[in-house]
Amino acid sequence: QVQLVESGGGLVQPGGSLRLSCAVSGVIFSISAMGWYRQAPGKQRVLVATMPSIGDINYADSVKDRFTISRDNARNTVYLQMNNVKPEDTAIYYCNVNLKRRAWFRQEDYWGQGTQVTVSS
């Protein structure tokens, strides 16, 4: 089985910083894209940032120049550095990975359990 364990959420003041982590474990052959999504109360889950194994990083316009996604392939871990956070960044943040468990398997999407980020003074 594949597990995604997120950490780093919490309460932060406007203008502050927070770093989210998502570690992927289990039987994994290869990981292609890794990313973060968020879901605010009463709203749909939306893309925050994605990082393919090869290619360009994609950010939501609302977080460009404030958030940075990175990945450590040796540790199968993806990070989201959140700087200059705003109250509208308050949401549950979900890690997403697209991977193959075996070479002959198809690509599959997996989700983390979500971590709450609250931006408030």
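Atoms considered below: every heavy atom in the structure, side chains included; atoms not considered: hydrogens, waters and symmetry mates.
Interatomic distance, T50 OG1 to N58 CG, rounded to the nearest 0.5 Å: 4.5 Å. One distance of note links CG of N76 with CZ of R71; it measures 8.5 Å at 0.5 Å rounding.
Both V12 and F67 are assigned to one and the same hydrophobic cluster, defined by single-linkage of ILVMFWY side chains at heavy-atom distances under 4.5 Å. No continuous path of hydrophobic side-chain contacts links V97 to Y94 [ILVMFWY only; heavy atoms under 4.5 Å]. Hydrophobic clustering (ILVMFWY, side-chain heavy atoms < 4.5 Å, transitive): L80 and W111 are in distinct clusters. Residue I57 is grouped with residue L99 when hydrophobic side chains (ILVMFWY) are merged at heavy-atom distances under 4.5 angstrom, including chains of intermediate members.
Between Q116 and T90, some side-chain heavy-atom pair lies under the 4.5 Å cut-off. Looking at heavy atoms from C-beta onward, V78 lies in side-chain contact with I69 at the 4.5 angstrom threshold.
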Requested in this report: Please test V117 against M82 for side chain to side chain contact (heavy atoms under 4.5 Å, CB included), starting from the C-alpha separation and ending with a verdict.
Outcome: CA-CA 10 Å; V117 172; M82 306 167 61; 3.9 Å; yes
Query raised in the report: Are R101 and Y110 close enough, and set up right, to give a side chain to side chain donor-acceptor pair (under 3.5 Å), and what steps lead you there?
Result: CA-CA 11 Å; R101 288 181 286 144; Y110 287 87; 3.1 Å; yes
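Environment of CD in Q113: crowded, with over 12 heavy atoms of neighbouring residues, nucleotides or ligands closer than 6.0 Å. A 6.0 Å sphere centred on CD of Q1 holds no more than 12 heavy atoms belonging to other residues, nucleotides or ligands. Remark: D56 CG is loosely packed, at most 12 non-hydrogen atoms of other residues, nucleotides or ligands lying under 6.0 Å away.
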Could you list the donor-acceptor pairs under 3.5 angstrom formed between side-chain atoms of residues 18-41 and any protein atom two or more places apart in sequence or on another chain?
from : atom 1 : to   : atom 2 : distance (Å)
S32  : OG     : N98  : O      : 2.9
S32  : OG     : N98  : OD1    : 2.8
S32  : OG     : Q107 : NE2    : 3.3
W36  : NE1    : Y79  : O      : 3.4
R38  : NH1    : D89  : OD1    : 3.0
R38  : NH1    : Y93  : OH     : 2.8
R38  : NH2    : S62  : OG     : 3.4
Q39  : NE2    : K43  : O      : 3.1

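Across every non-hydrogen atom of S17 and Q81, the tightest pair is CB-NE2, 4.0 Å. The minimum heavy-atom distance linking P14 with S120 is given by the pair CD-C, 3.6 Å. Nearest heavy-atom pair across G55 and P52 is C-CG, 3.8 Å.
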